Amino acid sequence: MARAPGSALRHLFPLLAGFLLIIASPPAVADRLAEILERGILIAGVKSDYAPFGSRDPDGSIVGFDVDVARGFADRLEVDLELVPVTSTDRLQRLQRGDIDVVVATLGDTRERRALVTMVEPQYYGDGANLLLRPGSPVTTWNDLRGQTVCGVQGSLWNRPAAERLLVDVISFNTTRETRLALRDGQCAGWLYDEVALLHELETGAWPDYTVNLPTMMMLPWAVAVTKQEAGGPLDRFLGDTIAEWHETGWLRDLEQRWDLPPSPFLREAHELWRETDEAGERACGRDNTGMWPVECRELALVTSTEVGGLTGLSLLIRETTGLDISVLHDPFDRSLFLVGLAQTVALTVACTVASVVLGIGLGWLIHRRVAVVRPVLLGAAALLRMTPPLLQLYVVFFGVGALLATAGFTIDGFAVAVLILSFYAGSANAVAFAEAADVEARDEHRRLRFNLHDVKGAFALAYATIMGNSVNVVKATGLASTIAVPELIHASTSIVADKGNSVAMMNILLVCYFALILMTVKAFQFLQKRAVNP
Amino acid sequence: MTAAEIADVLWTWTPYMAAGFVWNIVLSVTTMAIGTPVGLMLAFMRASPRRRISRSGELATGLARNLPTFVMLFYLAYVLPPEFKVLGETVTIAPWLKASLALAIAVAGFVSDNALPAIRHLRAHDTPAALLFVPAWTNYFLIIVMASSTASVIGVPEIVQRANTVVGAVGNVDVMLWVYLYAMVWFFAACWPLARAMHVVRRRLKHHADARQSRIAGDAPSADDGSGGNGARATPTSTVPAGHAP
């Protein structure tokens, strides 16, 4: 059976391709407003980790500025409100897939995002980027940051311009919670994020001696979003009219005060703009006969987070003919993100495989020789590792132990933590396999094995197929490192999807890459077996 | 924070985290319920004398064995629409069900590889050897319980996701390590006793099977050790089967 994976895998690619085609069909289209009224529930995607816009209160329900905005819409429609927690990474995908009717989730309005969804005009809030700096930081201007590492939240708008224009190294975490922990653990010089959120963080008192004192970078309006198909439709118009009225009456500014937000220049200006009346006493900003707002009432200077790169013909052709946006081919930023991800995954695989084989032989030998105390301790530790999820082990070491070390002035590296945990994960399995193989070898040869090249090699050869299988397990598990911000393949792919919305293309590329990696791991083991282990 | 304060926080959040662990169990049971029949079907296909059927069973098993479920989790979460229209009826797929589907792929691969020798043993009327499938399957269930924690990354409110929420809500760094360790205790306390029990069951069955083997075939060693898959030798029930990590 050791032959099976390699030979079977080669025939699996067509099967895989067929499977992918079946699974990747787009959702249906309908009049969303009618649907909402019919079901009597407005489903809104809001943040749950972004106080005071959307966060959990002690009894677990989500509250905040954005939640009140969503509730304002539901009240007007006289329907119930259902809140779905979303993150910066998945909010647009969930909207596109139809999980939610509207996004009210601190969403900055940019040209790129407008290619994916409909941004309701007028926008309901506005904010720029800033940096929460560690105590005693020497940074006083954005340019001081060049070459330094900053923490970001995956899917946040500022990561890319910061990396491209300020030449900083952004490590991005899945949620603000993890970013907070990383900043506290000293993983980075500061936390790059929306200014209003950082100011709120400071106010909570959780960050003594931290500062937010750089000039605001890239002011940007926030919009409520609906799907692309709803552009100009009843839902888009209803939301836009409601927000316009809220600007006119100053309701949003009252709400801002109620949530203790610093007075936003955006809301002040919007209030003045939408309050203006013409000679007839009508609101100056009214929809024209095509349903559009007049140009002077619209925000036109939207920042762009993408710089147009050299497009390759093939990638464009694919996009034109199939709608698949393979941005890793034509966008230099995405390409380097992806290649770094690939390199990181390969490096993780190699490091974990080598370490787990070494651990397997070393610990396996101790188990085989039934060394007093050591054997029960090892077997107990292995049981503990096996009966707890590797994901939690990563969290415990990276965040838990990381926090303890941070108080002593040390920082730990995500890559090293991932290699440590995954090596023990596969290493304990290798140890058991090696010990059993050594037992069998000793029994067959009716003698005690010695720790020399011949005997170790004999047991290793016997356990070889199992060790190969365990190494395949490691390749599969490397993706877990994405949860502690190691920029490997999954992390790179979800970052690109958050920016470009090309989930179908990226997920298929990701799957094919992993499949190829597993195939290559098996091939490498088979090659070594022919050359070195069983020549 | 003193030990008493930490214990108090953990105690306060215990019902919340316990409800999360129920999700882990529900998710894992569903995963086995989806993956096992599919895997059995693949195994029967592979055991078929008709070459085309056995070949396709072989291919599908290879696919299931080599697709990393953590990647499939993202794949299904991002690509699969939450609603299907089937014959005018709307079928919804909740995130936890997507997680189950992703994990069920690994289960199908595992079951296919382990049921195949069991089927052969059954056909040879070697019941104890065939029954070895039961502890192996149960141990794989435990591995799936461990893997169910990965559903937290697509927002399923299971125990790890809830541990994250607790860490966020308490907002105290000192308590974080303990919250995660506490979540680990839940997994260990629920799974370790079952793993021990299966270890004993396996040893008894193995003993019966070996005894029967030697009665029938003298001292000739068994050619098929029931491992299948990427591993050549019997996979110990204690670790993740070689090549079959979810």
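Here is how names work: the chains are called A, B, and so on, in the same order as the sequence lines, proteins then strands, and each is numbered from 1. This is a predicted model, so every value here is computed, not measured.
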Problem - For B:Thr150, side-chain contact (heavy atoms from CB on, under 4.5 Å) partners two or more places apart - result: A:Leu480, B:Phe70, B:Leu73
Handout entry: Interchain contact, A:Tyr514 with chain B, by part (heavy-atom threshold 4.5 Å)
Key = side chain
Fill in the blank from the handout: Whatever's closer than 4.5 Å to a heavy atom in chain A on B:Ala195 counts as side chain
Problem - Heavy-atom proximity to chain A below 4.5 Å, by part of B:Met176 - result: side chain
Practice task
Tell me, for A:Ala383 versus chain B, whether the close heavy atoms (under 4.5 Å) come from the side chain, the backbone, both or neither.
Solution key: both
Problem - Minimum heavy-atom distance B:Ile144-B:Leu103, with the two atoms named - result: CD1-O, 4.3 Å
Problem - Partners meeting side-chain contact (heavy atoms from CB on, under 4.5 Å) with A:Leu379 (sequence neighbours left out) - result: A:Ile367, A:Arg375
Exercise for the section: Might you point out which heavy atoms bring A:Ala463 and A:Ala433 nearest each other, and give the distance in Å? Expected result: CB-O, 3.8 Å
Problem - Most contacts with chain B, counted as non-hydrogen pairs under 4.5 angstrom, among A:Phe399, A:Tyr395, A:Tyr425 - result: A:Tyr395
Handout entry: Toward chain B, the part of A:Ile467 with a non-hydrogen atom under 4.5 Å
Key = neither
Completion exercise
The interface call for B:Ala77 against chain A, heavy-atom contacts under 4.5 Å, is backbone
Problem - Top contributor to chain B interface from A:Val497, A:Asp90, A:Val396, A:Asp185 [non-hydrogen pairs under 4.5 Å] - result: A:Val396
Practice task
Taking all non-hydrogen atoms of both residues into account, name the closest pair between B:Leu142 and B:Cys191 and its distance.
Solution key: CD1-O, 3.6 Å
Exercise for the section: With a 4.5 angstrom heavy-atom cut-off, could you sort out which part of B:Leu181 is near chain A: side chain, backbone, both or neither? Expected result: both
Exercise for the section: Give, as side chain, backbone, both or neither, the part of A:Leu392 having an atom under 4.5 angstrom from any heavy atom of chain B. Expected result: both
Handout entry: Region of A:Ser482 in contact with chain B, defined by heavy-atom distances below 4.5 Å
Key = side chain
Exercise for the section: Using a cut-off of 6.0 Å, state whether more than 12 heavy atoms not belonging to B:Trp13 lie near its atom CH2. Expected result: yes
Practice task
Would you please classify the geometry between the B:Tyr140 ring and the B:Phe110 ring as parallel, tilted or perpendicular, with 30° and 60° separating the classes?
Solution key: parallel
Completion exercise
B:Ala183 and B:Met17 have their tightest heavy-atom pair at CB-CE, 3.9 Å
Problem - Over 12 foreign heavy atoms within 6.0 Å of CZ, B:Phe21 - result: yes
Exercise for the section: Between chain B and each of A:Val397, A:Thr483, A:Leu384, count heavy-atom pairs under 4.5 Å; write down the option with the most. Expected result: A:Leu384
Problem - Region of B:Ser152 in contact with chain A, defined by heavy-atom distances below 4.5 Å - result: side chain
Fill in the blank from the handout: Checked B:Thr69, B:Asn164, B:Val153, B:Val160 vs chain A; the most non-hydrogen pairs under 4.5 Å come from B:Asn164
